[in-house]
Every structure is written in C-alpha cells, then in structure tokens.
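Take a look at the structure set out below.
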Amino acid sequence: MPDIVSRLSDWYRDAARDLPWRRAAFHDEFGAWGVLVSEFMLQQTPVSRVIPHLEAWLARWPTPEAMAAASTADVVQQWANLGYPRRALWLHRAAVEITERHDGIVPRDVDALLALSGIGDYTARAVAVFSYGDRHPVVDTNTRRVLARAIDGRAHPAPPSRRDLALMESLLPASVPESVVFNAAAMELGATVCTARAPRCEQCPLSASCAWLVAGRPDTGDDRRRQASYEGSDRQARGLVLRLLRQAAPDPVPLVAVLPDWPDSPQRDRAIDSLIADGLAEADGEALSLPR
DNA sequence: GAGTCGTGGGC
DNA sequence: TGCCCAAGACT
C-alpha cells in the first residue's frame, strides 16, 4: 500500500485550518477541559456553528468544577440552539463526574474517559490524543469516509463498527507525535477535501493512489440509513417545546400555552413527556419549565 | 444493532 | 426546493 500516512501528514502540516482548539493559547488557557467541551459540541454539529458557542461556554465555565456548580437550567439555556440538547445534560454530568471522581482533572486514560457521561469511542480518544498527545486511533465520520475511499475503493463507508478502530490502529505511525498528526490529518482531509458530496479529488494528496479515484469514482451501493424526515416529527415537536422553554426562562410556561396549535396533540404531549423523561424539562402543577 | 435524538446551511 | 449532511452516543 502506498504511503498514505506520510502523504496525509505532510499535507496536513501545510493545509490544516486554524481552529480555536488547535491553538496553543487555547490549550494553555483551558487545557483538556476546553478540548472536551469542543468535542461534545462537535458531535454531529458543523465547526462553523460550534465556534461562537464554544467561546461563550468556556468564558462562563472555564473549568469542570465551575460547570459542575451550574444549574441544569443554566446549562440547557447556554446550549441554546446547538441541537441535540441531551449533549448539554451529558456534558454537565461529565463535569460533575470529573469534579467528584477525578479531583476536577479531565482524565487522560481512555477507559476513564469512556466511563464519563456522553463520551464514546470517538470523544474519549479525541481527548486523549488531541489534548494529552497520546497514541490512540481516533475515528470519526471523516476518517471512515477517507479510509473507505482511499483503501476500500467505496464512495461511502460501511456503518460504524469496531473494525474501524482496528483499521486505523493498523495504519497509525509508531511515533507518538506522528500518530497525533495522522489522526488529525485523516479527519481534516475528510472535512475539507474528501467530503461526502462533491469531493475535491484534484486537490487531494492521495489522488495518485486512492482506490476509489483510480476505479473511476464508482457510485457504489450506499447502505447508509436515510435520516427520517424532520417536518412533523417528534424531534421537531421536542425542539419547538424546548425553544419555547428557553425563551421563557426563568419563567415557566403554562401547559395550555405549549404548542397550542400543534396539529397532532398526542404527538405534542408525547414530546413534552419525553423531554421530562430525559431531564430536559420539568412539570410543576400546570406549568412546564427548564429543569431546576 | 437498529432507532432515536436538533438545527441550520449548502446544493 | 427538498434532501443531504454534520468531529456521535445512548438505549
């Protein structure tokens, strides 16, 4: 196999975007906590939307201990319209766990990171690698797509699995600092060049050897699940209810004033109940509010 | 393991 | 314009 590693890493050293969490000053100021917060926000959310929220978040809660002391309502409020608001609850929970179990220090050990709320295979290794500089395979959707194309010759990756970690591990340079660069490089290529739609193969450092490009960019069978339509969905109803609660906070909203014109009232009630079950809302009497 | 979970931008 | 996609994790 041609040297994917050195080509990608060389490209990255020249082409890497200047992102907040890549700056030395960011690490000096916020340490692993800053990286952890950025990774939570980046889960399924584009970089451009994360940046302003991240800066506001860290200005308000610069340490795990500071955030652990905040109320759930404040956390959900500060999360604003970032989407997937359960991430705000999990980040808050993780801050409490770090404060109570790790003396306020974000753990460096991958298993300890995996034990925290809201942290899975990707985020645990991203923190260990991009904050602590350790050697682990970091695999996100960008990396999976790059490897699917460059190595397997497929337009789209198979659904995520543990094999992804093993494949990335097999490619990882033995040198620790080089392994960090390669992890970042694979993600960066997928984010800026080897994109899901309209990839810029003419700018790709792997174009000479990419199995997919060499094969003529075949439109291979795509077994990815389609995202359910959003219009009229439970998710939309939940989103609207929570937006209402954020706008009204700290005041509660009378239940009769929660989406009164929603066409499907059982669906509306289901949304309210599920928000309460998730801990994103609280009902006291005949009113709904952000959780205390 | 498949379903579920927000929100907004780009094509 | 509607559809696709985005540094995933949990149940």
Side-chain angles (χ1 to χ4, degrees), chain A residues 12 16-17 19-22 34-54 76 79-91 93-94 113-131 136-146 155-165 168 180 183-192 194-200 222-246 267 270-271 273-275 277-281:
Chain A
Y12 178 79
R17 291 168 294 174
L19 299 174
W21 44 91
R22 289 179 178 164
V35 174
L36 181 62
V37 174
S38 75
E39 295 298 348
F40 263 86
M41 291 185 171
L42 287 162
Q43 292 169 2
Q44 297 285 284
T45 303
V47 166
S48 60
R49 290 185 55 206
V50 163
I51 290 175
H53 286 282
L54 176 66
V76 175
W79 194 259
N81 62 340
L82 263 177
Y84 288 153
R86 291 185 298 185
R87 289 182 294 167
L89 296 182
W90 292 333
L91 177 54
R93 222 169 281 161
L113 286 161
L114 283 170
L116 298 174
S117 297
I119 295 192
D121 285 330
Y122 165 75
T123 303
R125 290 171 178 78
V127 170
V129 170
F130 300 130
S131 179
H136 303 283
V138 180
V139 179
D140 74 336
T141 186
N142 293 303
T143 295
R144 292 195 305 110
R145 186 173 52 253
V146 167
H156 303 285
S161 82
R162 279 306 175 51
R163 300 170 185 278
D164 304 329
L165 281 180
M168 192 61 179
V180 174
N183 275 313
M187 290 174 62
E188 186 74 353
L189 189 78
T192 62
C194 191
T195 51
R197 283 178 301 181
R200 308 164 158 192
D222 186 354
D223 53 353
R224 295 171 301 169
R225 295 190 307 274
R226 261 190 59 183
Q227 226 172 47
S229 74
Y230 186 65
E231 197 64 26
S233 66
D234 285 16
R235 300 167 74 178
Q236 184 185 31
R238 281 171 56 104
L240 290 172
V241 170
L242 201 55
R243 177 190 307 195
L244 189 64
L245 297 185
R246 275 194 251 105
Q267 181 183 50
R270 201 160 61 237
D273 289 343
S274 71
L275 286 171
D278 284 348
L280 285 164

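Heavy-atom basis, side chains included; hydrogens, waters and symmetry copies ignored. Below, chains carry the letters A, B, ... as their sequence lines are ordered, and counting in each starts from 1.
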Expected output: side-chain [X] to main-chain [Y] donor-acceptor under 3.5 Å:
X      : Y      : answer
A/Q236 : A/G232 : yes
A/R235 : A/A228 : no
A/N183 : A/V180 : no

Write down the distance between [atom1] ([X]) and [atom2] ([N]), rounded to a whole number of angstrom.
X      : N     : atom1 : atom2 : answer
A/R49  : C/dA7 : CZ    : P     : 12 Å
A/Y84  : C/dC5 : OH    : C1'   : 11 Å
A/L240 : B/dC5 : CG    : P     : 14 Å
A/Y12  : C/dA7 : OH    : P     : 14 Å
A/H53  : C/dA6 : NE2   : P     : 19 Å
A/R197 : C/dA6 : CZ    : P     : 8 Å
A/L82  : C/dA7 : CG    : P     : 14 Å
A/Y230 : B/dG8 : OH    : P     : 8 Å

Answer yes when A/D234 and A/R238 have at least one side-chain N-carboxylate O distance shorter than 4.0 Å, and no when they do not.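 A/R238 and A/D234: not salt-bridged.
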Contact class for [X] (heavy atom, under 4.0 Å): base, sugar-phosphate, or nothing?
X      : value
A/A126 : nothing
A/F40  : nothing
A/L91  : nothing
A/G83  : base
A/D278 : nothing
A/R125 : nothing
A/R22  : base
A/P85  : sugar-phosphate
A/W21  : base
A/T123 : sugar-phosphate

Let me know, please, whether A/W90 or A/E188 comes out on the 5' side of the other along DNA chain C by nearest nucleotide.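 Between the two, 5'-proximity favours A/E188.
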Consider the side chain of [X], meaning its heavy atoms from C-beta on, and name the nucleotide among [options] that approaches it most closely.
X      : options             : result
A/N142 : B/dG6, C/dA7, C/dG8 : C/dA7
A/R145 : C/dA6, C/dA7, B/dT7 : C/dA6
A/Q43  : B/dG6, C/dG8, C/dA6 : C/dG8

Side-chain-base donor-acceptor pair under 3.5 Å for [X] and [N]:
X      : N     : value
A/R235 : B/dG6 : yes
A/T141 : C/dG8 : no
A/Q227 : C/dC5 : yes

Would you indicate whether the side-chain heavy atoms of A/H53 and A/N81 approach each other to under 4.5 Å?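 Contact flag for A/N81/A/H53 side chains = yes.
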Between A/L275 and A/P159, name the one whose nearest nucleotide on DNA chain B is closer to the 5' end.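 Its nearest nucleotide being more 5', the pick is A/P159.
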Counting only heavy atoms not in A/R17, do more than 12 sit closer than 6.0 Å to its CZ atom?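 For A/R17, atom CZ is crowded (more than 12 foreign heavy atoms under 6.0 Å).
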Exactly one of A/L244, A/L240, A/L245 should register a side-chain contact (heavy atoms from CB on, under 4.5 Å) with A/L242. Which one does?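 Answer after filtering A/L244, A/L240, A/L245: A/L245.
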Roughly how many Å apart are B/dG10 and C/dA7, using the P atom of each and rounding to a whole number?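 Taking atom P in both C/dA7 and B/dG10, they lie 14 Å apart.
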Pick the P atom in B/dG6 and in C/dT11, then give their distance to the nearest Å.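 14 Å, rounded to whole Å.
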Looking at [X], does any N or O in its side chain come under 4.0 Å of the phosphate oxygens OP1/OP2 on [N]?
X      : N     : value
A/Q44  : C/dA6 : no
A/N81  : B/dG6 : no
A/Y122 : C/dA9 : no

